[in-house]
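This report concerns only the one structure given below.
Just so you know, ligand 1 is whichever comes first in the structure, and atom 1 is the first atom listed for that ligand.
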Amino acid sequence: MSRNLPVNANRIAEDIQALADITEPGHPWTRRAFSPLFLEGRAYIDARMKAAGLETRIDAAGNLIGRRAGKRTGSGTIMVGSHSDTVPDGGRFDGIAGVIAALEVARALSDQGIQLDHDLEIVDFLAEEVSIFGVSCIGSRGMTGQLPETWLSRETDGRDLATAIREVGGDPSTLPSQQRPDIKGFLELHIEQGPVLENERKDIGIVTAIAGITRIEITVEGRADHAGTTPMDSRADALVAASQLVLDIQRAAAERAKRPGHFAATVGEFRIEPNAANVVPSKAVLLIDGRAEIRNDMEAFCEWLDAHVIKLAIAHGVSIKSPVRVSDNFPTPGDAGLLKTLEGACETVGARHRRMASGAGHDTAWIAKVAPAAMIFVPCKEGRSHSADEWAENDDIALGAAVLFEAVREMDKQI
Ligand SMILES: [Zn+2]
């Protein structure tokens, strides 16, 4: 890249490679939260933070934080970060790119002898991915008093979450009272995990909103009968009705997705009973994962679904209980002021940008509940993510880090 960036692309490449090397052998690139490898990765990041002149600590929620004091004591904190944990067998850049880009912002400020008015904190959030405890975004929820207390007693392999947080250096007993009123602005860089930026040849996605996630369970009940003797026109086949429902959901979601605002719905879990070759299926349970940038779209989809299953049940001679919302999170819009700041930063460094929603959840969604927050995406190859093939070009990450650098400087003036 011929651009003259305020950040050092080589340093970014070196750190991302060093973390990629800390992986389960035979399972690239695996460094799951709470594992010895995770701690090894963290020790590397901690050392790099210290080498950049940051004062490091682990907060109560087990987040690794590197701090650079500002000139105006007590004027609050600008926070930049992401997560260094991975899913199994994937995630060389997911989260890691954001942690290292944030660290590079701090280094670039030092290189240029810039001291901000505000404190700057670089954060590696604990366990953003679904961890061995079955829950995600532990660090960002915990930092802001949003971690459900009941989660602390979740147990895996004879160890509960409270113990695991303590083992990484946190203090779970103080989590319910955690607050960070000092955070004046939060930014996260992340790989897109989708193909839009690459296809449109854009450098940066400015994330307008993190889609809300609604999970809906539907139970279809038919009648078990002999698969050999029951005539085709005398069956109440739960699987056939459920299969039609899957297709109808796909069609309805595809229609809605044509309109402005990100929308997606997926039947990702499906099980049938008795699941035997010679028995007409008596029961099918499916779980829908719905994502919407606009809350009204999700409400409309749920209304359609409620009405549709009644019609479908009659047509197929089965019974379908009212769809149950197992979980329901609202979309999180990016802070309007920060979105403008990020656009300005893109212009400053010459990055081609567009606004877009995030279909995936991120730590930003939790920080956004207590402070102005926004995130940017950088392209990733063919949109592949959560896979060993996940790839992002270092120049793209460096350009994203430069956008963060400019945005942080602007935030320091504005807030
Ligand atoms: Zn991530």
Between Trp304 and His308, what is the ring plane arrangement, given parallel below 30°, perpendicular above 60°, and tilted in between?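 Aromatic pair Trp304/His308 classed parallel.
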
Polar contact flag, side-chain donor to acceptor under 3.5 angstrom, [X]-[Y]:
| X | Y | answer |
| --- | --- | --- |
| Thr174 | Gln178 | yes |
| Thr77 | Glu121 | no |
| Lys321 | Thr219 | no |

NZ or CZ of Arg154 within 45° of Phe133 ring axis and under 6.0 Å: no

Every N, O or S from the protein that is nearer than 2.8 Å to the Zn ion (ligand 1):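 Within the sphere that stays under 2.8 Å of the Zn ion (ligand 1), the protein atoms of type N, O or S are His83 NE2, Asp94 OD1, His190 NE2.
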
Taking only residues two or more places apart in sequence, or in another chain, which ones meet Ser319 in a side-chain hydrogen bond (donor to acceptor under 3.5 Å, both in side chains)? none

